Amino acid sequence: MKGSRISFGLLVFIGIISLGSQSFSGKTDNNYEWDLPVWAPIPKIPADNPMLKSKVYLGRKLFYEKKLSGTGTMRCGSCHKPEKGFGDGSDISSGISRQRLLHNTPTLGNIAYIPIFTWSNPRSTNLEEHILLPLFKEEPVEMGMAKKKQEIIKFLVRDGEYKDLFNQSFPDSKDKVTIKNMVKALAAFVRTLISFNSPYDNFRFNKKYDALSEGAKRGEKLFFSEPFNCFQCHQAPFFTDNYTHQSLPFNEIAYHNTGLYNSGSNKKYEVRHAGLYQYTGRPNDFGKFRTPTLRNI
């Protein structure tokens, strides 16, 4: 019974560790303002992709646009579902051809604070470049738009609302409707998916002590205790040890092997579960992956 109570307390705690949305009002002032609590750090934003209200609105519209998939049936929001914490709730995801992908869909919650955008590729540090992968990658196929970039441009130019939004969002670009600007808009939108209004946030940071149940409070003590040591990899307030923001002089990046993918008596790894080793070739990196956040778990 004692073990059951401990497990339940931890589960109650991580279950309350929650996302808002923004819209373009069409006002003259097009500058985007972060709606963050006073204790939350400000995300790093690339100098060549400043945040604008129209760009965020455009990115949201593109995020739910089915015509950005090869079959016209899939959108970014098909795998990154708001009701699933901007993941898809599946152990392994699949693309438009139902081909199973390598791993599950990571959440987009608080991605503005994440310095690494895949589970194990240390070179995936640019969000705008990373967004190109699900759109145009051929192996495995996700949204199936490889070799269809011109079709995308033609569609966006013909659509009056899209054309206007590109003009408002990229006033300094000679060519407004481009693939490069499209992924910049998508990146601007997903950076607004900030999760800092959970019951735990209210309890710990806003000092609303009735925001948590007594079970969750016991779970917090266990979570941050030395015997359980959960907090070493799942550090508050992001509940991962991979994060970055304007106040940090460097990015926090860590990979871990939790032993989940050891197979057989000789402890070999399946190729798709080799983790960081696939990119470094170092034997000690076998099975290492970045730590998933526990927010919206």
Side-chain angles (χ1 to χ4, degrees), residues 18-38 40-69 74-87 105-115 117 125-135 143 152-153 155-157 159-173 175-197 238 243-246 293 295-296:
S18 134
L19 281 166
S21 61
Q22 301 290 333
S23 61
F24 179 55
S25 63
K27 296 180 180 179
T28 303
D29 181 11
N30 198 17
N31 293 320
Y32 183 86
E33 295 183 8
W34 295 101
D35 184 17
L36 298 172
V38 294
I42 300 174
K44 289 181 180 178
I45 304 299
D48 65 345
N49 192 19
M51 298 291 287
L52 296 175
K53 291 178 183 177
S54 61
K55 191 185 295 181
V56 171
Y57 184 82
L58 170 60
R60 185 186 187 282
K61 186 172 169 65
L62 291 165
F63 190 82
Y64 293 105
E65 178 57 72
K66 291 183 178 181
K67 291 184 179 180
L68 293 186
S69 69
M74 190 176 180
R75 49 198 180 183
C76 301
S78 297
C79 291
H80 298 284
K81 302 174 182 178
E83 68 272 19
K84 298 288 187 180
F86 286 92
T105 301
T107 176
L108 293 181
N110 288 347
I111 199 168
Y113 297 101
I114 299 298
F117 302 110
T125 60
N126 184 297
L127 180 57
E128 284 76 1
E129 291 180 2
H130 177 70
I131 288 174
L132 293 168
L133 295 180
L135 283 166
M143 296 185 70
I152 293 175
I153 298 300
F155 158 65
L156 295 174
V157 169
D159 187 290
E161 183 179 6
Y162 273 126
K163 188 175 181 179
D164 288 343
L165 285 169
F166 272 95
N167 287 336
Q168 295 173 58
S169 302
F170 302 98
D172 298 327
S173 294
D175 297 316
K176 304 292 193 291
V177 184
T178 64
I179 297 299
K180 184 177 181 178
N181 285 345
M182 181 185 75
V183 297
K184 283 184 175 182
L186 282 164
F189 167 65
V190 299
R191 286 190 174 105
T192 70
L193 304 179
I194 304 296
S195 172
F196 283 143
N197 192 31
F238 303 105
Y243 56 87
T244 187
H245 52 75
Q246 285 190 13
T293 178
R295 280 191 171 271
N296 302 304

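Values below: all heavy atoms of this structure, side chains included; hydrogens, waters and symmetry mates excluded. The structure displayed is predicted, hence computed values, not measured ones.
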Just verifying a value: how many Å separate [X] [atom1] and [Y] [atom2], rounded to the nearest 0.5 Å?
{"X": "Ile131", "Y": "Met182", "atom1": "CD1", "atom2": "CE", "result": "9.0 Å"}
{"X": "Lys180", "Y": "Glu129", "atom1": "NZ", "atom2": "CD", "result": "9.5 Å"}
{"X": "Asp175", "Y": "Phe170", "atom1": "CG", "atom2": "CZ", "result": "12.5 Å"}
{"X": "His80", "Y": "Tyr64", "atom1": "NE2", "atom2": "OH", "result": "10.5 Å"}

Problem - Pair Glu128 + Arg191, salt bridge at N-O below 4.0 Å - result: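 Yes, charged N to carboxylate O under 4.0 Å.
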Problem - Steps toward side-chain contact (heavy atoms from CB on, under 4.5 Å) verdict (Ser173, Asn181) - result: CA-CA 9 Å; Ser173 294; Asn181 285 345; 3.5 Å; yes
Within a strict 4.5 Å, meaning less than it, do heavy atoms of the [X] and [Y] side chains meet?
{"X": "Ile45", "Y": "Trp34", "result": "yes"}
{"X": "Phe238", "Y": "Thr293", "result": "no"}
{"X": "Leu52", "Y": "Val56", "result": "no"}
{"X": "Lys184", "Y": "Asp48", "result": "yes"}
{"X": "Ile111", "Y": "Leu193", "result": "no"}
{"X": "Arg75", "Y": "Lys66", "result": "yes"}

Closest contact, heavy atoms only, [X] versus [Y]:
{"X": "Leu68", "Y": "Leu135", "answer": "O-CD2, 3.8 Å"}
{"X": "Asn296", "Y": "Gly85", "answer": "CB-CA, 4.3 Å"}
{"X": "Leu186", "Y": "Leu62", "answer": "CD2-CB, 3.7 Å"}
{"X": "Leu36", "Y": "Pro43", "answer": "CD1-CD, 4.1 Å"}
{"X": "Ala188", "Y": "Thr192", "answer": "O-CG2, 3.4 Å"}
{"X": "Ala187", "Y": "Asn49", "answer": "CB-ND2, 4.1 Å"}

Problem - Output field: ring centroids Tyr32/Tyr57 closer than 6.0 Å - result: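 Distance test on ring centres: not under 6.0 Å, no.
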Exercise for the section: Would you check if the distance from the ring center of Phe63 to the ring center of Phe189 is below 6.0 Å? Expected result: yes
Give a yes or no on whether the backbone of [Y] and the side-chain of [X] come within a donor-acceptor separation of less than 3.5 Å.
{"X": "His130", "Y": "Phe117", "value": "yes"}
{"X": "Asp159", "Y": "Phe155", "value": "no"}
{"X": "Asn110", "Y": "Tyr113", "value": "no"}
{"X": "Gln168", "Y": "Ser54", "value": "no"}
{"X": "Ser78", "Y": "Met74", "value": "no"}
{"X": "Ser195", "Y": "Gly109", "value": "no"}
{"X": "Lys53", "Y": "Ser169", "value": "no"}

Problem - Residue pair Lys55, Asn30: steps toward the side-chain hydrogen bond (donor to acceptor under 3.5 Å, both in side chains) verdict - result: CA-CA 9 Å; Lys55 191 185 295 181; Asn30 198 17; over 6 Å; no
Handout entry: Charged tip of Lys61 within 45° of Tyr162 ring normal and under 6.0 Å
Key = yes
Exercise for the section: Before giving the answer on side-chain contact (heavy atoms from CB on, under 4.5 Å), spell out for Lys163 and Leu156 the whole-Å C-alpha distance, their side-chain angles and the decisive distance to 0.1 Å. Expected result: CA-CA 6 Å; Lys163 188 175 181 179; Leu156 295 174; over 6 Å; no
Problem - More than 12 heavy atoms of other groups within 6.0 Å of Lys67 NZ - result: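 Check fails, neighbour count at 12 or below.
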Exercise for the section: Evaluate the criterion side-chain contact (heavy atoms from CB on, under 4.5 Å) for residue pair Cys76 and Met143; output intermediate values, then yes/no. Expected result: CA-CA 8 Å; Cys76 301; Met143 296 185 70; 4.2 Å; yes
